[in-house]
Amino acid sequence: MKLRYFAWVRERIGKPEEDVELPAGIATVAELITWLSSRGEEYAYAFENPKVIRAAIDRTHVRPNTAIKGAGEIAFFPPMTGG
Amino acid sequence: MKLRYFAWVRERIGKPEEDVELPAGIATVAELITWLSSRGEEYAYAFENPKVIRAAIDRTHVRPNTAIKGAGEIAFFPPMTGG
Amino acid sequence: MTVPATVRIQREPFDVAAETKTLTRGRTDAGAVVTFTGICRGAEGDESIAALTLEHYPGMAEAEIERHVAEATQRWPLLGVTVIHRYGRIVPGEDIVMVVTVSSHREAAFAAAEFLMDYLKTRAPFWKQVEKAGEKTWVDAKATDDAAAERWAAPGRDAAE
Amino acid sequence: MTVPATVRIQREPFDVAAETKTLTRGRTDAGAVVTFTGICRGAEGDESIAALTLEHYPGMAEAEIERHVAEATQRWPLLGVTVIHRYGRIVPGEDIVMVVTVSSHREAAFAAAEFLMDYLKTRAPFWKQVEKAGEKTWVDAKATDDAAAERWAAPGRDAAE
């Protein structure tokens, strides 16, 4: 599964994207965040406040309880500040 | 006193402006309209529905019960349709 | 600080882009620019429009718009405002009126532009005559425009002011 | 009838006047044009800003804005919409984003432009980094922007949609 990171999430993790093999039992966006946080200091730092993290599956905004099954690309980023 | 007419008020009366000598006892805009209406058919036609007539004294919108004392120029016109 | 405010009543066409540049050129405190342009349409329902002719009350039109521009600069933190209203004969596709508002933030720029347009529609002494199939008729004032202008009224304010 | 709708995400500057002409040229049903331009300011409070750098999520940014443009054309009787959002490094005085809406009447043009700007601020995947005194920091999302976007939400609508 392809993961993409933007803005300070990208800076904290130290890379813009990566391919990961998910362990069994990770069903939702929130569970994916919890698992990523356990992968190292940089991830723990990026996701230290999960409430502010936004996610998109295949380029559509999703909520923490959205199922990730079938996702091609999941992105994590801070609240948007465009416009 | 100088009177000015605009749009269909002007067309119905047949002139854009005139100077009039007011008889005594005309104190408000509404009274002025009543007096003008009595001056001839064209005035009666212009002011046949006084509720839609708007007025300005010295280039400021006023209401029917506004006193006309001291006015230099009084204008009558239909509701505005600019913009 | 005085807010740059320009009001012009003219027969000639105007250039919204040039007016906008005049307001924003050389300043870096502007974060939001809203422009409104009102254009003469070529039809109303099924009836085609040959032209509009706008009559105005010279002197009062400027004064009335200037009063509302001054009110807008008091109600919202504006950095600049320009209002231009044309009069005379205007054919479909030609511009009639423009408003440009400049502010640090978008809310003020949008609100002030809408406020000014609502007031121009209902309070500025202009009257539109429309030419359709060789006949000229005066355009009726719209209740929806009065309602739009009403939403800006301060409580207890005299409706004729 | 399909409403002409253009969404562009680009590094290059844009020309609001040219984009407006593209939308209105040759048509006489347009009665109202509203443009919004968002500009990089040179200061925030007492601190001067050297530049903004905008990061975006390519592909999603276009798709997300296109979805909201489509929603705007369903909610209001629009005759045309153009949205252009820049990315990359932008210095004070330069434009960041523009929206043009065209309609027969002003209410629809104003409402659609405000709706699109509120959504761009809160939903389009762009992130601003600000350079002040040699330091780069990510701009925090504003609660006021979220509140502004909320006012357009249909009742019962999923906040994450």
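A quick note: this is a predicted structure, and the numbers were derived from the prediction, not measured. Just so it is clear: chains get the letters A, B, ... in the order the sequence lines come, proteins before strands, and each one is counted from 1.
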Is it the case that over 12 heavy atoms from other parts of the model lie below 6.0 angstrom from the [atom1] atom of [X]?
{"X": "D/K21", "atom1": "NZ", "value": "no"}
{"X": "A/E41", "atom1": "CD", "value": "no"}
{"X": "A/Y45", "atom1": "OH", "value": "no"}

Specify whether A/F6 and D/W127 have parallel, tilted or perpendicular ring planes, treating 30° as the upper limit for parallel and 60° as the lower limit for perpendicular. parallel
Quick check: closest heavy atoms across D/E55 and A/A7, and the distance to 0.1 Å? OE2-N, 2.8 Å
Non-hydrogen atoms of A/T81 and D/V139 that approach each other most closely: CG2-O, 3.4 Å
Which of A/P79, A/A75, A/P78 touches chain D most, by non-hydrogen pairs under 4.5 Å: A/P78
Treating D/K128 as the side-chain partner and A/G83 as the backbone partner, does any N or O pair qualify as donor plus acceptor under 3.5 Å? yes
Flag the pair A/H61 / D/E64 as yes when at least one side-chain heavy-atom distance between them is below 4.5 Å, and no otherwise. yes
So which of D/F126, D/F36, D/Y57 has the largest heavy-atom pair count under 4.5 angstrom toward chain A? D/Y57
Does a donor on one side chain sit under 3.5 Å from an acceptor on the other, for D/Q129 and A/W8? no
Sort D/R67 into side chain, backbone, both or neither according to what part of it lies under 4.5 angstrom from a heavy atom of chain A. side chain
Check whether D/D140 gets within reach of chain A through its side chain, its backbone, both or neither, counting any heavy atom under 4.5 Å. backbone
In sequence, state the C-alpha distance, the side-chain angles, and the governing distance for D/K121 and A/M80, and then conclude on side chain to side chain contact (heavy atoms under 4.5 Å, CB included). CA-CA 7 Å; D/K121 288 268 173 190; A/M80 289 69 80; over 6 Å; no
